[in-house]
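These numbers come from a predicted model, not from an experiment. Computed from heavy atoms alone, side chains included, the values below leave out hydrogens, waters and symmetry copies.
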Amino acid sequence: MRPSAPAQSGMPGPKTYIGWWGDMGSLPQKGIKTYGVSPYRQRAMAGALNGYIFNGFARLMNHLPYVAPPALFFYGVYYWSKSKYEYFNSKQGHYDNLIKEGVIKPGQYERPTVEPMSH
């Protein structure tokens with residue numbers, strides 16, 4: 001009795017292999033033309049700065065009505081929330097919150113005043 005053939009990894013054998021890319025056994029292609037520019041003749045950034053100076057300001061002004069109102073709105077929200085946060089974490093904010101929650105009555109304690117520290 002004959003042992004079975006070992007399993008091999010890699011490229012398939014000659015019975016199933018039809019060729020590597022570009023060498024599939026077909027006729028060579030004809031009539032394909034390629035064009036290129038020498039890397040020494042390419043100017044990738046030609047006119048970039050000149051075009052920005054003359055057209056960039058106009059482009060910015062065209063986009064300003066779409067960008068400025070949301071930016072100003074969200075800056076206003078940021079400024080408002082930052083001032084509220086600072087107020088709520090101050091002595092005055094804590095005192096006013098205790099009055100609002102009914103823990104203390106107005107005038108029960110002196111309103112806290114912040115005085116400079118003495119050295």
Side-chain angles (χ1 to χ4, degrees):
M1 186 156 116
R2 193 171 159 200
S4 60
Q8 297 178 352
S9 63
M11 299 301 295
K15 291 183 180 176
T16 58
Y17 183 56
I18 60 170
W20 196 242
W21 294 109
D23 188 24
M24 300 263 187
S26 64
L27 296 173
Q29 295 181 356
K30 295 181 182 181
I32 297 176
K33 301 196 182 333
T34 58
Y35 298 94
V37 179
S38 168
Y40 299 107
R41 299 291 294 167
Q42 291 179 4
R43 294 174 43 194
M45 294 298 290
L49 185 61
N50 189 25
Y52 179 74
I53 289 172
F54 292 111
N55 297 329
F57 185 74
R59 288 179 185 166
L60 287 174
M61 290 299 110
N62 286 339
H63 288 283
L64 194 64
Y66 303 104
V67 175
L72 291 174
F73 172 76
F74 285 113
Y75 179 75
V77 169
Y78 164 76
Y79 182 78
W80 171 81
S81 62
K82 187 175 178 184
S83 62
K84 279 294 229 190
Y85 177 79
E86 289 174 358
Y87 168 72
F88 284 141
N89 287 313
S90 67
K91 287 182 181 180
Q92 186 67 46
H94 285 280
Y95 179 79
D96 292 342
N97 193 32
L98 288 173
I99 290 174
K100 182 180 173 186
E101 290 177 352
V103 176
I104 61 172
K105 294 183 175 127
Q108 185 176 356
Y109 296 101
E110 289 185 26
R111 276 195 116 128
T113 55
V114 178
E115 299 175 3
M117 292 177 54
S118 59
H119 294 346

Item to check | Exercise: identify the closest heavy-atom pair between Leu64 and Pro69 | outcome: O-CD, 3.9 Å

Checklist entry - In this structure, are over 12 heavy atoms from other groups packed under 6.0 Å from Met61 atom CE? => result yes

Checklist entry - Are Tyr85 and Tyr79 joined in one hydrophobic group, where the rule is that I, L, V, M, F, W and Y side chains link up if heavy atoms are under 4.5 Å apart? => result no

Checklist entry - Between atom OG of Ser90 and atom CG of Asn97, what is the distance when rounded to the nearest 0.5 Å? => result 10.5 Å

Item to check | Interatomic spacing from OH in Tyr87 to NE2 in His94 - rounded to 0.5 Å | outcome: 10.5 Å

Checklist outcome for this item: Per side-chain contact (heavy atoms from CB on, under 4.5 Å), Tyr78 is matched among Trp80, Tyr75, Phe74 by Tyr75

